[in-house]
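Numbering of ligands and ligand atoms starts at 1, following listing order.
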Amino acid sequence: MEIDEARWLKLEPRSGETLRGALERNLRDAIRDGALRDGVRLPSSRALAQALGVSRGVVSDAYGQLEAQGFLNTRARAAPVVAMVTRSDPDHREPEQTTRAPRYDLTPTTPDVTLFPLARWLASAQHAARRASTATLDYREPRGERALRDALADHLGRTRGVIAEPEQIVVVQGTAQGVYVILRILQARGASRVAVEDPSHTTQHERIRALGLELVPQPVDDDGLVVDDLDANAVLVTPAHQFPTGSVLSGERRRDLLAWSRATRGLIVEDDYDAEFRYDREPVRALQGVAPDHVVQLGTVSKTLAPALRLGWLVTPPALAEEAERTKRLLDDFSPALDQLTLAELLTRGHYDRHVRRARTVYRGRRDRMLAALEKHLPELTVEGVAAGVHLLLRLPRGVDDRAIADAARVAGIGVPALSAFRIRPSDESGLVIGYGRLHESAVAPAMRALAKLIRARLALVDVQE
Ligand SMILES: Cc1ncc(COP(=O)(O)O)c(C=O)c1O
């Protein structure tokens, strides 16, 4: 470790305290408060003595004391290493309790990250880095790497019917940042009202409110977003697969929404988060491809590859491209260039498509199993949502407290959110939003059995109480 930077270098003995005592106290405090973490190697007694301007004996004595107290591990002729602080130390603070991972993780928003094509990613990263010029390591274009934007323009045109020149694409850190960029642009243009589907992804609600914009909840039914009475400057919508109900925006509603945008100049922000995973047919074309001047399309690799990559993009109407670039630059200059080049490599060499096909087969299998298990154990309840993505909606009878069921499930080791957790306005609609992305094939049947048992018991309880 760098001695110069260590704050315990300052030896200020308290009255009656020796230099050794002061050093021992400094080190103990640093270990206790976590500044010196277990496993950190301290300087040798000779080096530290020299840095402190004290005799070597002072340091070796302090180290010896700390070893005796269990704060350091020492070996002959080796510098001491900070030990794991023992629980018997009365001053030692336990790290914050982390919540235990559920036995069955039915999170609806996450893919199976164990499917991540690590070997391909690493090989592509190596290839991309080798080919890159040294300038690639410098400050880069805010819009993102040209190679990635070219690859995305091709890919999105082919798979989603998106119509975009690479200049309209801005690479961002996931949908999260894409939404933020758009909201900042809207705000700068004087927008005040942003509509979202009710129910929808709650983090988006927070983002909108955090920027001081008014969150306008817009109902959702079997045909997706209800467009009637839409009164906002922009609307954030999931047309290909509504989150969390799983409906698809019907043809009529798509037309209504585009007509609304043309009439009011309201911006449509299309969250195209999981369109790659449609299991029974081709997904509907991205709205952007029908009205490129009215729609911002947001895409992400969080579902197809891994959320941790924080790689996404927005395809803006040509008139917004410069503002989007400027906003991205003000936020964080640009997204990590080597990761962008790696994704470009995966896309252009076909590895991305192959991976998506493989993941699609896995998720489809899990969904089929889940449907079969729900049909077997909960035949009275209906499952909603098209065959897509990594989640479905299990409807519960109206008025049932779905949060109480989700709470009981958590206690039973099943992590699954209630439909009402995604709501803005209260509703008597009830359900569980069940993800199958993370649930290994072998766990689907036991997980559904356990969930069904709990639901059956709860519903019976509700029946009795009513
Ligand atoms: C509706 C919706 N949009 C987008 C995303 C992806 O967000 P990001 O790209 O920021 O990881 C998710 C993931 O949970 C989602 O549920």
Within ligand 1, which atoms have a heavy atom of [X] less than 4.0 Å away?
X    : result
R310 : 8 (P), 10 (O), 11 (O)
G174 : 9 (O), 10 (O)
H201 : 1 (C), 2 (C), 12 (C), 14 (O), 15 (C), 16 (O)
A176 : 10 (O)
T175 : 4 (C), 6 (C), 7 (O), 8 (P), 9 (O), 10 (O)

Lys/Arg-Asp/Glu bridge criterion (N-O < 4.0 Å) met for [X], [Y]:
X    : Y    : answer
D353 : R158 : yes
D280 : R278 : yes
R438 : D105 : yes

inquiry  = Can you tell me which portion of D271 lies within the under-4.0 Å heavy-atom range of ligand 1? Options are side chain, backbone, both, or neither.
reply    =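 It is the side chain that gets close, since no backbone atom is under 4.0 Å.
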
request  = Would you check if L381 and L374 make a side-chain contact, meaning some heavy-atom pair closer than 4.5 Å?
outcome  =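 Heavy-atom side-chain distance check fails, nothing below 4.5 Å.
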
Short N or O distance, [X] and ligand 1, threshold 3.5 Å exclusive:
X    : value
S302 : yes
Q204 : no
Q173 : no

message = Tell me whether the count of non-hydrogen atoms from other residues, nucleotides or ligands lying under 6.0 Å of CG in D428 goes above 12.
response =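 Atom CG in D428 is crowded, with more than 12 foreign heavy atoms closer than 6.0 Å.
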
ask   = Does R326 CZ have over 12 foreign heavy atoms under 6.0 Å away?
value =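 Open.
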
task = Specify the protein heavy atom at minimum distance from atom 14 (O) of ligand 1: its residue, its atom name, and the distance to 0.1 Å.
result =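 Result: T109 CB, 3.1 Å.
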
ask   = Of the protein's non-hydrogen atoms, which lies at the shortest distance from atom 13 (C) of ligand 1, and what is that distance?
value =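 Scanning the protein heavy atoms, the shortest distance from atom 13 (C) of ligand 1 goes to K303 NZ, 3.2 Å.
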
message = Please report the interatomic distance CH2(W121) to NE2(H351), rounded to the nearest 0.5 Å.
response =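 That separation rounds to 12.0 Å.
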
request  = Grab the two heavy atoms, one from T136 and one from A337, that are nearest each other, plus how far apart they are.
outcome  =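 Heavy atoms only, the tightest pair is O-CB, 4.0 Å.
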
ask   = Is there a heavy atom in Q177 that sits closer than 4.0 Å to ligand 1?
value =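 False for this residue.
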
